[in-house]
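To keep things clear, I will list the structure first and then write my remarks on it.
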Amino acid sequence: ASMSVKEILQSLVDDGMVDTDRIGTSNYFWAFPSKALHARKRKLEELESQFAESSQKKEALQKSIEKSKVGREDTAERAALLEELATLRQRKEQLKAEIDKYRECDPDVVEEMRQTNQVAKEAANRWTDNIFSIKSWAKRKFGFEESRIDKGFGIPEDLDYIE
């Protein structure tokens with residue numbers, strides 16, 4: 001598929017190799033030989049500055065690697081310390097597991113459980129209250145016997161407040 005002159009010119013304009021301007025009803029296109037040279041010079045300067053920046057970064061990273069190696073040389077003492085550290089970490093995990101076993105004896109945990117139980121008890125008594133209210137309303141409104149209401153709604157006969 002061959003391109004028209006117009007398409008070729010447009011692609012050159014898009015690539016910044018040719019300039020264009022509309023004057024009156026005509027479009028004018030031009031390209032100075034120095035334009036490409038200036039574009040290449042700008043690109044080269046940009047790449048050189050990126051390269052310099054990257055070189056500085058590399059140097060800084062190299063220095064920080066060297067600095068972090070100090071005191072980490074592989075010595076027998078360091079190996080022994082690392083082994084001791086691993087042993088102590090393992091011991092810490094064992095002790096943590098041991099503490100977790102006795103967690104339910106922790107006064108804070110016990111207090112939290114007591115409060116949770118209190119909230120649950122209050123909620124249960126509130127619902128018991130609601131059930132009694134609805135039962136007495138149904139007895140008044142429809143004249144149902146209590147046993148029939150209990151049976152119809154699956155309410156246990158010994159339903160009562162929690163002390």
Side-chain angles (χ1 to χ4, degrees), residues 1-131 154-156 158-163:
S2 63
M3 294 169 65
S4 71
V5 172
K6 188 177 177 184
E7 291 170 327
I8 292 170
L9 271 173
Q10 189 55 53
S11 84
L12 288 171
V13 168
D14 292 344
D15 294 342
M17 295 168 76
V18 170
D19 291 309
T20 181
D21 222 339
R22 188 170 183 84
I23 300 170
T25 58
S26 307
N27 285 329
Y28 289 86
F29 297 90
W30 69 94
F32 296 112
S34 60
K35 181 178 174 66
L37 179 69
H38 285 303
R40 282 197 295 274
K41 258 173 99 175
R42 258 199 323 277
K43 187 68 178 163
L44 183 64
E45 285 167 6
E46 191 182 303
L47 290 171
E48 281 173 343
S49 97
Q50 282 178 2
F51 178 73
E53 207 176 287
S54 297
S55 297
Q56 278 182 328
K57 270 187 191 166
K58 181 186 170 200
E59 215 171 288
L61 287 170
Q62 209 73 47
K63 279 181 187 162
S64 82
I65 288 172
E66 292 308 316
K67 207 162 38 173
S68 68
K69 280 183 179 173
V70 174
R72 293 180 181 212
E73 295 83 5
D74 281 330
T75 60
E77 185 191 0
R78 184 167 194 270
L81 287 170
L82 283 172
E83 204 172 299
E84 188 184 347
L85 178 65
T87 308
L88 289 170
R89 281 189 174 145
Q90 196 176 357
R91 182 78 183 118
K92 179 186 166 197
E93 286 306 311
Q94 288 170 346
L95 290 170
K96 237 174 104 180
E98 191 80 14
I99 287 172
D100 282 345
K101 269 201 300 201
Y102 300 110
R103 204 175 120 72
E104 61 268 14
C105 301
D106 180 340
D108 292 341
V109 174
V110 171
E111 178 57 28
E112 194 180 316
M113 284 165 59
R114 203 187 62 69
Q115 285 175 357
T116 305
N117 288 346
Q118 183 60 35
V119 169
K121 189 174 111 177
E122 286 168 9
N125 283 336
R126 199 168 42 250
W127 280 105
T128 304
D129 214 24
N130 293 342
I131 292 168
I155 300 169
D158 59 350
L159 177 74
D160 206 350
Y161 295 102
I162 299 169
E163 293 305 318

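For the numbers below, each heavy atom of this structure counts, side chains included, while hydrogens, waters and symmetry mates do not. Throughout, numbering of the chain's residues begins at 1 and tracks the sequence.
Annotation: side chain of Gln118 is in contact with side chain of Glu122 (closest heavy-atom distance under 4.5 Å). Within the 4.5 Å cutoff, the side chain of Leu9 has no heavy atoms near those of the Lys6 side chain.
Panel note: side chain Asn125, backbone Ile162; a donor-acceptor pair is recorded below 3.5 Å.
The side chain to side chain contact (heavy atoms under 4.5 Å, CB included) with Leu95 is formed by just one residue from the set Glu93, Arg91, Lys92; it is Arg91. Tested against Glu84, the residues Thr87, Leu82, Leu88 include a single side chain to side chain contact (heavy atoms under 4.5 Å, CB included) partner, Leu88.
For the atom pair NZ of Lys69 and OG of Ser64, the computed distance is 10.5 Å after rounding to the nearest 0.5 Å. Separating the CD atom in Gln10 from the CG atom in Asp15 is a distance of 10.0 Å, to the nearest 0.5 Å. For the atom pair OG of Ser26 and CG of Asp21, the computed distance is 11.5 Å after rounding to the nearest 0.5 Å. Here Leu44 contributes atom CG and Leu37 contributes atom CG; the two are 10.5 Å apart, rounded to the nearest 0.5 Å. Atoms CD1 and NZ, on Ile65 and Lys63 in that order, are 13.0 Å from each other to the nearest 0.5 Å.
Counting heavy atoms of neighbouring residues, nucleotides and ligands inside a 6.0 Å radius, atom CH2 of Trp30 exceeds 12 of them.
Scored by the ring pair (Phe, Tyr, Trp, His ring centres under 6.0 Å) test, Phe29 finds no partners at all (sequence neighbours excluded).
In terms of heavy-atom proximity, Lys121 sits nearest to Glu163 at NZ-C, 3.3 Å. Taking each heavy atom of Asp129 and Tyr161 in turn, the nearest pair found is OD1-OH, 2.6 Å.
The pair Glu111-Arg114 counts as a salt bridge, with a side-chain nitrogen and a carboxylate oxygen less than 4.0 angstrom apart.
Using a 3.5 Å distance cut-off with no hydrogens or angles, the side chains of Gln62 and Glu66 do not pair a donor with an acceptor.
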Exercise. Does the side chain to side chain contact (heavy atoms under 4.5 Å, CB included) test come out yes or no for Leu85 and Arg89, once each step is laid out?
Worked result: CA-CA 6 Å; Leu85 178 65; Arg89 281 189 174 145; 3.8 Å; yes
